[in-house]
J.: 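I'd like to ask you about the structure that follows.
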2 protein chains.
Amino acid sequence: MDPYIKRIKDLSKRLDPQVLAEVEEVFVDKHCSKGTFLLKPGQTSTAHLLIRKGIARKYFVHKDREITTEIYFHDDVAVSLDSYIMQKPADVYIEALTDLEVTVIDYRRFYQMKNKYPEVMLIDKMFIEYYAVWFEQKLCEFRTLDASERYAKLMEKEPDIARFLPVTIVASYLNISLETLSRIRSKLT
Amino acid sequence: MDPYIKRIKDLSKRLDPQVLAEVEEVFVDKHCSKGTFLLKPGQTSTAHLLIRKGIARKYFVHKDREITTEIYFHDDVAVSLDSYIMQKPADVYIEALTDLEVTVIDYRRFYQMKNKYPEVMLIDKMFIEYYAVWFEQKLCEFRTLDASERYAKLMEKEPDIARFLPVTIVASYLNISLETLSRIRSKLT
DNA sequence: GCGGTAATTTGATGTAAGTCAAATAATAGC
DNA sequence: GCTATTATTTGACTTACATCAAATTACCGC
């Protein structure tokens, strides 16, 4: 697991038990079946979704083509950052690729927690920080790596994506055509 | 100005005068002459740099090529997010492209302010949020727009960059070769 | 098992944009 | 002013990757 994510987790666990109990009241567990949309363009995001089990993805449609921007596994948090922060309608889909077990963290109630307990605000801030750094890294990868290098990086950093998902989705995540991905893979064997 | 930046500014101004005074003690004004580096790879960032006057840029070197990732004008904040958040050595340069007047915001002292006043922490958090959303948008542009579309977007959103900076820098910011940028421009006239 | 659909691979061809190289144009120093 | 240097433009050529199309393979439901 990423060391920064680990720090966030450790901090969460070390919250005052009283505070932790109160925070956890905000969490609601939910089941989503495969193919369901957790968010659609036009809807304003009202919750973070902690994926407890299964796989989900975020994507948007550009020129009749689905572009996958994030893929979520166990312990990942699915959210349209844009819609959450700016409190405006999303322009992305969040889709359950398998049956999911998710924990819903309602913004309104979590917001109250943040204002009541600065340590909760800190954890939320660290989460955003992680997101920002992750985006910056991705941006750097797009600027410097070609198709096969991006694939190599994916295999190194997020091998589960290549392992569990169909070429179509992996290719759109790497921003290459599925044919090119297929060719890259065949060269490696 | 971006509406979210405006919100951050308004909030800053509306801080309790007592708090504001204390925060401003942390700010130190400084002059940097053209060509100076405010940060170099290997150094760990110890301060945010608010540009009061002049132009600066952030870039990194990849395969003997300078890749400009951010350009700062009046009221922008120059910082290696990565180095700041992870508190690790930076891998980017921050360079004064003109003579600069900057306000240095020391992390250590600002950190104390954040812990003392939750409203200061909130402002810092909003700044990071803005950064994250900005990165996400850039990422989306790289995924969906070709060279001339990226240039068009630049002219629409950050025209000053194209106006005040040499082709070399603008091209590396758009992640295209300077020759291509020159050709795009000549086609538009 | 078999037929039908969807996913993946393979091949042929097109193109946006990179690279290399040379020609202008702009800028600064003296 | 003129030269030296640097920045920008223009041209010829190359290449990584997309697109289109067809072939193969995998995956279902019955």
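Proteins get letters first, then strands, A, B, ... in listed order; numbering begins at 1 in each.
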J.: Is B/Thr168 near enough to D/dT8 that one of its side-chain N or O atoms lies under 4.0 angstrom from OP1 or OP2?
T.: yes
J.: Just N and O in the side chain of A/Ser186: are any of them under 4.0 Å from OP1 or OP2 of C/dT10?
T.: yes
J.: Think B/Thr180 has a side-chain N or O under 4.0 angstrom from the OP1 or OP2 of C/dG18?
T.: yes
J.: Examine D/dA16: is either OP1 or OP2 under 4.0 Å from a nitrogen or oxygen in the side chain of A/Arg150? Give yes or no.
T.: no
J.: For A/Ala147 versus A/Ile176, what's the shortest heavy-atom pair and its separation?
T.: CB-CG2, 3.6 Å
J.: Using atom CD1 of A/Ile169 as one end and atom C1' of C/dT8 as the other, report the distance to the nearest whole Å.
T.: 14 Å
J.: Categorize A/Arg185 for me: base, sugar-phosphate, or nothing, with a 4.0 angstrom heavy-atom threshold over every strand shown.
T.: nothing
J.: When the distance from CG of A/Leu181 to P of D/dT19 is rounded to whole Å, what number comes out?
T.: 14 Å
J.: Nearest to the side chain of B/Ser182, which nucleotide is it out of D/dT9, C/dA17, C/dT8?
T.: D/dT9
J.: From CZ of A/Phe142 over to P of D/dC17, roughly how many Å is that when rounded to an integer?
T.: 12 Å
J.: Ignoring hydrogens and angles, does a donor from either the side chain of B/Arg183 or the base of C/dG18 sit under 3.5 Å from an acceptor on the other?
T.: no
J.: From the options B/Tyr107, B/Tyr72, B/Phe27, select the one residue that forms a ring pair (Phe, Tyr, Trp, His ring centres under 6.0 Å) with B/His48.
T.: B/Tyr107
J.: Can you tell me the distance, in whole Å, between the CG atom of A/Asp146 and the P atom of C/dG18?
T.: 13 Å
J.: Round to a whole Å and report the spacing from CD1 of A/Ile184 to P of C/dT8.
T.: 15 Å
J.: Could you go step by step and tell me if A/Arg163 and A/Asp160 meet the salt bridge (charged side-chain N to carboxylate O under 4.0 Å, His left out) rule?
T.: CA-CA 5 Å; A/Arg163 187 155 41 221; A/Asp160 284 351; 2.7 Å; yes
J.: Tell me whether the side-chain N or O atoms of A/Glu179 pair up with the base of D/dC17 as donor and acceptor below 3.5 Å, since no angle test is needed here.
T.: no
J.: Just checking, any donor-acceptor pair under 3.5 angstrom between side chains of A/Asp99 and A/Ser33?
T.: no
J.: Mind calculating the distance between CG (A/Leu145) and P (D/dC17) to the nearest angstrom?
T.: 11 Å
J.: Rounding to an integer number of Å, can you tell me how far A/Leu178 CG sits from D/dC20 P?
T.: 12 Å
J.: Given salt bridge (charged side-chain N to carboxylate O under 4.0 Å, His left out), test A/Lys125 with A/Glu129 step by step and report yes or no.
T.: CA-CA 6 Å; A/Lys125 179 169 168 273; A/Glu129 284 172 343; 3.1 Å; yes
J.: Starting from C1' on C/dA16, measure out to CD1 on B/Ile176 and report it in whole angstrom.
T.: 11 Å
J.: Is the distance from OP1 or OP2 of D/dA18 to the nearest side-chain N or O of A/Ser177 less than 4.0 Å?
T.: yes
